[in-house]
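Below is one structure, written out as structure tokens; comments come after it.
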Amino acid sequence: MKILTVAGTRPQLVKVAPVSRELRKHAKEILVNTGQHYDYNMAGIFFEELNIPKPDYDLGIGSASHGKQTGEMLKMIEEVILKENPNAVLVYGDTNSTLAGALAASKLHIPLIHIEAGLRSFNKNMPEEINRILTDHVSSLLFPPTETAAENLKQENITENVVKIGDVMYDAVLYNTAIAEEKYHLEEFGVREKEYILATIHRAENTDSKDKLTAIFQAFAKLDEKVLLPLHPRTKHKLQEYGMGNLLDGAANIRVIEPVSYLEMLLLEKKAKAIVTDSGGVQKEAYFAKVPCLTLRPETEWVETVDVGCNRLVDPLEEDLAAIIQEFQPADYSKQLYGDGKASEKISREIIKFFEKEAACVL
Ligand code: UD1
Ligand code: UDP
């Protein structure tokens, strides 16, 4: 059994690590790194820290407009699939790397496996929403992480070979938290436990609006606590473009740092007083760490964290973000919203089962 995995962004590398570890017990995995993320602190360090196997193919795609980036990946992934002739292609999440892998596989009639299927924001202005919908509709085997995601697929008449299994990011957190606490210490970041706010911002809907970014930074500047902001390169470029450096210079409590490694991030999340983010993965990690989360978006795909009262959506232009950060009290962390930490193991077994069933049908 040969599975060809396509990944290439930071959150995908976090997901590849636990799945790859399990999958390789049962199947031969060919890892294709698209190189959508390429800075050392957005990609290389994740391979190293998480012991992700060396990619069999490094496509080195890099940044470009959506069409160009996706198109170039599609062309190169097709060549790799033709050369490797895998039993299936495996993709994660909703990035342009996901869509390129999905299109390449489906055009060659190679079964497609989608991990993190069925998530919807119902906002088609997000490039990710288009990527998810298209990928789900050409997938042969789908792994929604939650009941809501499975229900979303049902609403779109995707009912065959849908297996709800939990979220592989929870597996990653369970596996790595103790390692993170052993390896890194808060003093290295100049902050003290439960006395700082951890923030990440990278979604186009925030970075592409100077008004929103200004409102977010003005709210941060009002806080008594330190705000630690590992800055995504997209946001860094936008701040430069908008000439917003002055705003940061004037706010002594905001500490902008380079993107941190996954293990550093787990430590920073766990010890934060609150987390402010527009990241999908970070919303879930805040829940796992039992840290209050404010999400700077009008909607979320991880609705369960909001439903249980541990995550709150905030519009920085309409609401007083600083006050909400001070006042928000999370409700209930008792529910296992994202499985039991064995999603990767179960997914690997389901993949093997699926192909045994297929083979039996052919005979
Ligand atoms: C992508 C995903 C998004 C995901 C995010 C995770 C798509 C459409 N978006 O967004 O769903 O949440 O990754 O972080 O696939 N850049 C660098 N160095 C890098 C990578 C990016 O400088 O290593 C800069 C470039 O200026 C680039 C910009 O960041 O143009 C955006 O990168 P890109 O991969 O296109 O999208 P992300 O915003 O990272
Ligand atoms: N992350 C990290 N370093 C950072 C910021 C995020 O390791 O400086 C991790 C984070 O812990 C999570 C993943 O990257 O596991 C989330 O990726 P990102 O926010 O880029 O994308 P999204 O989840 O929104 O697609």
Side-chain angles (χ1 to χ4, degrees), residues 6-18 33-46 49-50 60-70 72-73 91-101 116 119 121 125-132 134-135 167-173 175-177 180 184 189 198-208 228-241 256-270 272 275 277-286 288-289 291 295-297 300-302:
V6 177
T9 62
R10 172 169 73 184
Q12 286 168 334
L13 298 178
V14 171
K15 295 163 203 173
V16 164
N33 176 19
T34 63
Q36 179 173 343
H37 287 170
Y38 44 88
D39 290 346
Y40 175 69
N41 58 19
M42 293 294 288
I45 193 164
F46 291 80
E49 247 191 5
L50 301 177
I61 294 292
S63 304
S65 66
H66 286 274
K68 185 163 188 272
Q69 188 181 53
T70 312
E72 284 181 1
M73 287 189 222
V91 294
Y92 294 83
D94 53 19
T95 71
N96 289 344
S97 297
T98 315
L99 179 62
E116 233 183 44
L119 294 174
S121 63
N125 288 324
M126 286 179 78
E128 293 85 355
E129 184 75 352
I130 307 294
N131 293 344
R132 295 172 190 133
L134 296 177
T135 302
D167 184 16
V168 300
M169 285 189 87
Y170 185 41
D171 303 10
V173 165
Y175 187 88
N176 287 298
T177 299
Y184 296 107
F189 298 92
L198 178 68
T200 77
I201 305 161
H202 76 274
R203 288 275 155 215
E205 65 208 61
N206 286 322
T207 60
D208 294 359
L228 197 57
L229 180 63
L231 200 61
H232 190 290
R234 166 197 275 276
T235 320
K236 183 178 176 181
H237 296 151
K238 284 292 180 179
L239 290 177
Q240 282 161 354
E241 185 187 317
V256 176
I257 57 174
E258 288 294 314
V260 295
S261 76
Y262 178 67
L263 295 180
E264 289 175 309
M265 191 67 182
L266 285 187
L267 176 80
L268 291 174
E269 287 170 342
K270 189 160 177 205
I275 292 175
T277 190
D278 57 11
S279 155
V282 174
Q283 288 175 63
K284 285 179 287 174
E285 288 166 356
F288 302 143
V291 171
T295 296
L296 302 174
R297 288 186 47 200
T300 178
E301 300 77 25
W302 304 103

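Just so it is clear, the values below take in all heavy atoms, side chains as well, and ignore hydrogens, waters and symmetry mates. Order of appearance sets the numbers: ligands from 1, and atoms from 1 within every ligand.
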If only atom types and distance count, is the side chain of [X] paired as donor or acceptor with the main-chain N or O of [Y] below 3.5 Å?
X: Asp39; Y: Asn41; value: no
X: Gln12; Y: Thr9; value: yes
X: Asp171; Y: Pro18; value: no

Atoms of ligand 2 less than 4.0 Å from [X] heavy atoms?
X: Ser279; result: 16 (C), 18 (P), 19 (O), 22 (P), 23 (O), 24 (O)
X: Glu269; result: 11 (O)
X: Pro259; result: 8 (O)
X: Ser261; result: 7 (O)
X: Arg203; result: 22 (P), 24 (O), 25 (O)
X: Phe46; result: 2 (C), 7 (O)
X: Pro230; result: 8 (O)
X: Gly280; result: 22 (P), 23 (O), 24 (O)

* Asked: Measuring from the heavy atoms of Met169, does anything fall under 4.0 Å of ligand 2?
  ->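 Right, Met169 reaches ligand 2.
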* To do: Only counting residues at least two apart or in another chain, list the ones meeting ring pair (Phe, Tyr, Trp, His ring centres under 6.0 Å) with Tyr184.
  =>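 Not a single residue meets the ring pair (Phe, Tyr, Trp, His ring centres under 6.0 Å) criterion with Tyr184.
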Donor on one side chain, acceptor on other, [X] and [Y], under 3.5 Å:
X: Tyr92; Y: Ser97; answer: no
X: Thr277; Y: Thr200; answer: yes
X: Glu128; Y: Ser121; answer: no

Give me the nearest non-hydrogen protein atom to [atom] as residue plus atom name, then the distance to 0.1 Å.
atom: atom 21 (O) of ligand 2; answer: Pro11 CG, 3.4 Å
atom: atom 23 (O) of ligand 2; answer: Gly281 N, 2.8 Å
atom: atom 8 (O) of ligand 2; answer: Val260 N, 3.0 Å
atom: atom 6 (C) of ligand 2; answer: Arg10 CZ, 3.5 Å

* Asked: Hey, does Val14 come in under 3.5 Å of ligand 2, counting only N/O atoms on both sides?
  ->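 Not met; the criterion fails.
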* Is Glu285 in polar range of ligand 2, meaning some N or O pair under 3.5 Å apart? ->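 Yes.
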* Asked: So which protein residues pack against ligand 1 under 4.0 Å, heavy atoms counted?
  ->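 Within the 4.0 Å shell of ligand 1, which is judged on heavy atoms, sit Pro11, Gln36, His37, Tyr38, Asp39, Met42, Ser63, His66, Gln69, Asp94, Thr95, Asn96, Glu128, His202, Arg203, His232, Pro233, Arg234, His237.
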* **Glu258 bridged to Lys236 by N-O distance under 4.0 Å** =>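 Yes.
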* **Lys238 atom NZ, over 12 foreign heavy atoms within 6.0 Å** =>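 More than 12 heavy atoms, drawn from other residues, nucleotides or ligands, come within 6.0 Å of this atom.
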Taking side chain as C-beta onward, heavy atoms only, is [X] less than 4.5 Å from [Y]?
X: Val173; Y: Leu266; answer: yes
X: Leu198; Y: Val291; answer: no
X: Asn176; Y: Leu50; answer: yes

* Please state whether the rings of His232 and His202 are parallel, tilted or perpendicular, taking 30° and 60° as the class boundaries. =>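 Ring orientation of His232 relative to His202: parallel.
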